[in-house]
Amino acid sequence: MGVFDEAFIQAPEHRPKTHLRNTNDDFILSKEIPTIDLSSLQDPNCDKTALTTEIAEACMRWGFFQVTNHGLSLDLKRRVEKTMADFFSLTLEEKRRVKRDEVNPMGYHDGEHTKNVRDWKEIFDFFLQDSTTVPASTVPEDTELRKLTNPWPQNPSDFREVCQEYAKEVEKLAFKLLELISISLGLSADRFTGYFNDQTSFLRFNRYPPCPNPELALGVGRHTDAGVITVLAQDNVGGLQVSRRSDGQWISVKPNPDAFIINIGNCMQVWTNDKYWSAEHRVVVNTSKERFSMPFFLFPSHEVNIEPLEEFISEDNPPCYKKYNWGKFFAARNRSDYKKLKVESIQIDHFKAA
């Protein structure tokens, strides 16, 4: 990560509370985030009522939940975790051979910003679909499109193969969860399927190194996820914190390496007209332990317009958001993540109805 400098320093009101740490410099962990057991889905004829009721409650109260017995091979998960660690152990020079730039947001990056403050982390991103179609610019009138491909590293030698195998499996889990979320809303299981014909989904590898000043910096600053849902795998170190919807307090999520953490993204919050909650979250760091995580961001096709669905609009419940185009939003958000800007990065609050 190089030298700790002022680019990493959070504003005082956004710094982690040191009194929530224990004597081992670990944050006190909470079991408040719901854990949902998906084992009943092994029976194709199972009644999903109880399961979707749990999901609905979690999405309204927290916007976050963990799933166990999810069906994704833990052996595959261990293999991709090793591949990720092997990549991050390479020299900086070798990692930067696949460095992202302002045109292609995929690849390696060690200078990402969240809300214009640099994150204490390094990452590697890759599209689910290699290649992926996105807008060429953020200008609303510009209809030009660009096809982007993943910059794969030469080492580890099996990096691409393992990544793509894992991507296919975590995508299956994401769509299984999307169907359950749809049912939990009283909709048909396939209500959202048509939004993903040419999806822009991607996966990320995160490494959070030990930090000399964890009381001043964050691995990732406070933010909400832009997409539909996120499926997160993490190790046992801990560091993820979620803002509780009821009072805004930061709650540390107790890690379970065999589970996946699911969170609602901005698109789902807008589609449901604020019924389901896209919670702010962040990552705290520590002085002694590196942490790894692997989020999969389920994103719609670039041409999809995001607006509240008619099923959630009535005379008593008017639209909370104006329509916006996903592709243009995606392009603008990626450019603001790449480096510090002089303006606030784009958020769904910018599309709030008057």
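- Between the side chain of Asn263 and the backbone N or O of Ser278 there is no donor-acceptor pair closer than 3.5 Å.
- Taking the side-chain hydrogen bond (donor to acceptor under 3.5 Å, both in side chains) definition, one finds that Glu311 meets it with Arg191, sequence neighbours left out.
- Transitive grouping of hydrophobic side chains (ILVMFWY, heavy atoms separated by less than 4.5 Å) keeps Leu148 and Leu145 in distinct clusters.
- Cluster membership check: Ile183 does not share its hydrophobic cluster with Leu41, using side-chain heavy-atom separations under 4.5 Å among Ile, Leu, Val, Met, Phe, Trp and Tyr.
- Residue pairs meeting the side chain to side chain donor-acceptor pair (under 3.5 Å) criterion with at least one member in residues 173-186, sequence neighbours excluded, are Ser184-Tyr276.
- Checked by atom type and distance alone, the side chain of Lys352 never pairs as donor or acceptor with a backbone atom of Cys320 at under 3.5 Å.
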Report the C-alpha separation of Tyr208 and Asp119 in whole Å, then their side-chain angles, then the decisive distance to 0.1 Å, and conclude whether the side-chain hydrogen bond (donor to acceptor under 3.5 Å, both in side chains) test is met.
-> CA-CA 9 Å; Tyr208 304 96; Asp119 297 328; over 6 Å; no
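- Leu74 and Phe296 are assigned to two separate hydrophobic clusters, defined by single-linkage of ILVMFWY side chains at heavy-atom distances under 4.5 Å.
- Across Gly327 and Asn325, no two heavy atoms sit closer than the pair N-OD1, 3.1 Å.
- With a 6.0 Å radius and a threshold of 12 heavy atoms from other residues, nucleotides or ligands, Glu315 has its CD atom at or below the threshold.
- Note: Tyr324 and Phe329 have tilted aromatic rings, judged against thresholds of 30 and 60 degrees for the angle between ring planes.
- Listed by chain and residue number, Arg79 satisfy the side-chain hydrogen bond (donor to acceptor under 3.5 Å, both in side chains) test with Glu165 (two or more places apart in sequence, or in another chain).
- Contact of the His281 side chain with the Val220 side chain is not registered, since no non-hydrogen atoms from C-beta on lie closer than 4.5 Å.
- Between the side chain of Asn213 and the backbone N or O of Leu216, no donor-acceptor pair lies under 3.5 Å.
- Here the two rings, on Phe205 and Phe87, have centers that are 6.0 Å apart or farther.
- Heavy atoms of other residues, nucleotides or ligands lying less than 6.0 angstrom from NZ of Lys77 number more than 12.
- Counting heavy atoms from C-beta on, the side chains of Ile181 and Ile264 come closer than 4.5 Å.
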Determine, step by step, whether Phe64 and Leu240 satisfy the side chain to side chain contact (heavy atoms under 4.5 Å, CB included) criterion, reporting the C-alpha distance in whole Å, the side-chain angles of both residues, the deciding distance to 0.1 Å, and the verdict.
-> CA-CA 11 Å; Phe64 267 79; Leu240 175 65; 4.1 Å; yes
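- Between Trp152 and Phe126, the two ring planes are tilted [angle within 30° to 60°].
- The main-chain N or O of Ser40 is never found under 3.5 Å from a side-chain atom of Lys48 such that the two would form a donor-acceptor pair.
- The number of heavy-atom neighbours closer than 6.0 Å to NZ of Lys82, taken from other residues, nucleotides and ligands shown, is 12 or below.
- Across Arg291 and Gly238, no two heavy atoms sit closer than the pair CD-O, 3.3 Å.
- Asn236 meets the side-chain hydrogen bond (donor to acceptor under 3.5 Å, both in side chains) test with no other residue; sequence neighbours excluded.
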For the pair Thr68 and Asp258, evaluate side chain to side chain contact (heavy atoms under 4.5 Å, CB included) and give the outcome as yes or no after the intermediate values.
-> CA-CA 7 Å; Thr68 57; Asp258 292 341; over 6 Å; no
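- The side-chain contact (heavy atoms from CB on, under 4.5 Å) test applied to Lys323 returns Asn305, Glu307, not counting sequence neighbours.
- Qualifying side-chain contact (heavy atoms from CB on, under 4.5 Å) partners for Thr49, counting only residues two or more places apart in sequence or in other chains: Asp47, Thr53.
- Listed by chain and residue number, nothing satisfies the ring-ring contact (aromatic ring centres under 6.0 Å, His included) test with Phe312 (two or more places apart in sequence, or in another chain).
- Of the options Arg100, Arg96, Arg204, Arg207, a salt bridge (Lys or Arg N to Asp or Glu O under 4.0 Å) to Glu122 is made by Arg207 and by none of the others.
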Test Leu180 against Leu38 for side chain to side chain contact (heavy atoms under 4.5 Å, CB included), laying out the working first.
-> CA-CA 10 Å; Leu180 292 171; Leu38 300 183; 4.3 Å; yes
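- In this structure, the side chain of Arg15 does not engage the main chain of Glu215 through any donor-acceptor pair within 3.5 Å.
- The backbone N or O of Gly107 sits nowhere less than 3.5 Å from a side-chain atom of His109 that would complete a donor-acceptor pair.
- Ring planes of Phe202 and Phe127: perpendicular class, angle over 60° (limits at 30 and 60°).
- Applying the salt bridge (charged side-chain N to carboxylate O under 4.0 Å, His left out) rule to pairs touching residues 237-248 yields Glu32-Arg244, Arg244-Asp247, sequence neighbours excluded.
- Using modelled atom types, one side-chain atom of Ser201 and one backbone atom of Phe299 make a donor-acceptor pair closer than 3.5 Å.
- Met106 and Ile123 fall into different hydrophobic clusters, where Ile, Leu, Val, Met, Phe, Trp and Tyr side chains are chained together by heavy-atom contacts under 4.5 Å.
- Considering every non-hydrogen atom in both Val237 and Glu290, the closest pair reads CG2-O, 3.4 Å.
- No more than 12 heavy atoms of other residues, nucleotides or ligands lie within 6.0 Å of CD in Gln154, so this atom counts as exposed by the packing criterion.
- A donor-acceptor pair under 3.5 Å is absent between the side-chain atoms of Asp190 and the main chain of Thr193, judged by distance alone.
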Applying side-chain hydrogen bond (donor to acceptor under 3.5 Å, both in side chains), run through Glu94 and Asn155 and close with a yes or a no.
-> CA-CA 9 Å; Glu94 188 161 1; Asn155 292 304; 2.9 Å; yes
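- Under the 30°/60° scheme for interplanar angles, the aromatic rings of Phe4 and Phe8 are found to lie parallel.
- Partners of Phe88 by ring-ring contact (aromatic ring centres under 6.0 Å, His included), not counting sequence neighbours: none found.
- Shown here are the ring-ring contact (aromatic ring centres under 6.0 Å, His included) partners of His70, two or more places apart in sequence or in another chain: Phe260.
- One distance of note links OG1 of Thr52 with CD1 of Ile36; it measures 10.0 Å at 0.5 Å rounding.
- Of all heavy-atom pairs between Pro308 and Asn273, the closest is CG-OD1, 3.5 Å.
- By the rule that hydrophobic residues join a cluster once side-chain heavy atoms approach within less than 4.5 Å of another member, Trp277 and Ile262 end up as members of separate clusters.
- Of the possible donor and acceptor atoms, none in the side chain of His302 sits under 3.5 Å from a partner among the backbone N and O of Trp326.
- Asp198 places no side-chain N or O within donor-acceptor distance of the main-chain N or O of Ser301, the cut-off being under 3.5 Å.
- The side-chain hydrogen bond (donor to acceptor under 3.5 Å, both in side chains) check on Asp235 picks up nothing, with sequence neighbours excluded.
- The ring-ring contact (aromatic ring centres under 6.0 Å, His included) test applied to Phe196 returns Phe175, not counting sequence neighbours.
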Kindly indicate, with the supporting measurements, whether the criterion side chain to side chain contact (heavy atoms under 4.5 Å, CB included) is fulfilled by Leu203 and Tyr166.
-> CA-CA 10 Å; Leu203 294 90; Tyr166 176 76; 3.8 Å; yes
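- Looking at heavy atoms from C-beta onward, Asp142 lies out of side-chain contact with Pro135 at the 4.5 angstrom threshold.
- Electrostatic pairing of Glu169 and Lys172 counts as a salt bridge here, judged by a charged N lying under 4.0 Å from a carboxylate O.
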